[in-house]
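Reading through the structure tokens given below for one structure.
This chain uses plain numbering: 1 for the first residue, then up along the sequence.
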Amino acid sequence: LDHGGQGVGGSWQEGANVPAPLPRSLQELFYEDRHFHEGCFRCCRCQRSLADEPFTCQDSELLCNDCYCSAFSSQCSACGETVMPGSRKLEYGGQTWHEHCFLCSGCEQPLGSRSFVPDKGAHYCVPCYENKFAPRCARCSKTLTQGGVTYRDQPWHRECLVCTGCQTPLAGQQFTSREDDPYCVTCFGELFAPKCSSCKRPITGLGGGKYVSFEDRHWHHSCFSCARCSTSLVGQGFVPDGDQVLCQGCSQAGP
């Protein structure tokens, strides 16, 4: 904006469609290729004089700073006040905030450039979101931020789901439980499973393993055979003979 020199006195010339020269007593103001009387250099909306005020040209209209901000600047979604051009702001989801107004809905600290999680119109810093919404491990009670496994309809950290006996990680492995405590197959067999009367190894019944029980004795399917001829007795008649079992043929043959 320039203040020009004094012009030649005069008025609108009758019958001519040209502006009269500016009187010598008035200052001439220049903006780009446009000329104004000092008294005519006003905001197009509120008519405030722009001679000594900051202004903006919007679509050929001269606007004072207040009118420009009211018409074209965003409103802060938190405080409702204008976000002034050039001020620090944050935009998300079609909304705008002053930087100091964009706060975590939990701790009410400015989020600034930190990561945040939106939830039903609220915004949380990551620690507050985890404390409020993230699932907690059934063993250590700490939040699960990613991954994890489910056991008995409860979330667990993968590193927290371990065998109660040997502390071996169980995630992705076959395991069983006793009184809600998880055990690997080996520990469960050694500690709780009945032993095969033939091979003396644990009978766990896991992995589709089948077994046969008779009175207080148990056998793996593959171990339940005649003590003399080794014929499988699964689904067959048999005769107990002390600690052994015999097929009917061997039993009838005598000692």
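By the side chain to side chain donor-acceptor pair (under 3.5 Å) test, S213 is found to be paired with H218, residues two or more places apart in sequence or in another chain being considered. For H100, the ring pair (Phe, Tyr, Trp, His ring centres under 6.0 Å) test picks out H98, with sequence neighbours left out. Residues meeting the side chain to side chain donor-acceptor pair (under 3.5 Å) test with Q109, sequence neighbours left out: none. Residues passing the side chain to side chain contact (heavy atoms under 4.5 Å, CB included) test with P182, sequence neighbours excluded: Y151, L161, T164, L170, F175. The ring pair (Phe, Tyr, Trp, His ring centres under 6.0 Å) test applied to W97 returns F102, H123, not counting sequence neighbours. Under the rule for a side chain to side chain donor-acceptor pair (under 3.5 Å), the partners of Q75 that lie at least two apart in sequence or sit in another chain are T82. Partners of Y124 under the ring pair (Phe, Tyr, Trp, His ring centres under 6.0 Å) rule, at least two apart in sequence or in another chain, are F133. Contacts of E99 classified as salt bridge (Lys or Arg N to Asp or Glu O under 4.0 Å), with partners at least two apart in sequence or in another chain: R88. Residues passing the ring pair (Phe, Tyr, Trp, His ring centres under 6.0 Å) test with F224 are W219, F238, sequence neighbours excluded. Remark: D180 pairs with R152 by the side chain to side chain donor-acceptor pair (under 3.5 Å) rule, at least two apart or across chains.
The backbone N or O of S251 lies less than 3.5 Å from no partner atom in the side chain of R228, so there is not a single donor-acceptor pair. Using a distance-only test at 3.5 Å, with no hydrogens or angles considered, a donor-acceptor pair links the side chain of H157 to the main chain of T143. Using modelled atom types, no side-chain atom of Q236 and backbone atom of S232 make a donor-acceptor pair closer than 3.5 Å.
Residues V126 and F116 do not share a hydrophobic cluster, clusters being chains of Ile/Leu/Val/Met/Phe/Trp/Tyr side chains in contact below 4.5 Å. Tracing side-chain contacts under 4.5 Å through hydrophobic residues (I, L, V, M, F, W, Y), one never reaches F214 starting from V239; they form parts of separate clusters.
By the 4.5 Å heavy-atom criterion applied to side chains, H221 and V212 are counted as neighbours. Within the 4.5 Å cutoff, side-chain heavy atoms of Y183 are placed close to those of C163. A heavy-atom distance below 4.5 Å is found between the side chains of P240 and R217. You'll find the side chain of L233 reaches within 4.5 Å of the side chain of C247, heavy atoms only. A 4.5 Å side-chain heavy-atom check between T176 and F192 finds every atom pair outside the cut-off. Within the 4.5 Å cutoff, side-chain heavy atoms of P202 are placed close to those of K195.
To the nearest 0.5 Å, atoms CG (D181) and SG (C187) are separated by 12.0 Å. Distance check, rounded to the nearest 0.5 Å: NZ of K89 to OG1 of T96 gives 5.5 Å. Here CD of E108 is found 9.5 Å from SG of C128. Values are rounded to the nearest 0.5 Å. One finds the CD1 atom of I203 at 7.0 Å from the OG atom of S197 (value rounded to the nearest 0.5 Å). One distance of note links SG of C137 with CZ of R158; it measures 12.5 Å at 0.5 Å rounding. For the atom pair OG of S105 and CG of L111, the computed distance is 8.0 Å after rounding to the nearest 0.5 Å.
Counting non-hydrogen atoms of neighbouring residues, nucleotides and ligands closer than 6.0 angstrom, the CD atom of E159 exceeds 12 such neighbours.
The salt bridge (Lys or Arg N to Asp or Glu O under 4.0 Å) analysis of residues 136-147, with sequence neighbours excluded, yields no pairs. Screening residues 114-130 for salt bridge (Lys or Arg N to Asp or Glu O under 4.0 Å) gives no qualifying pairs among residues at least two apart or on separate chains.
Here the closest non-hydrogen pair linking S230 and S225 is O-CB, 3.6 Å. Between H220 and R201, the shortest heavy-atom contact is CE1-O, 3.6 Å.
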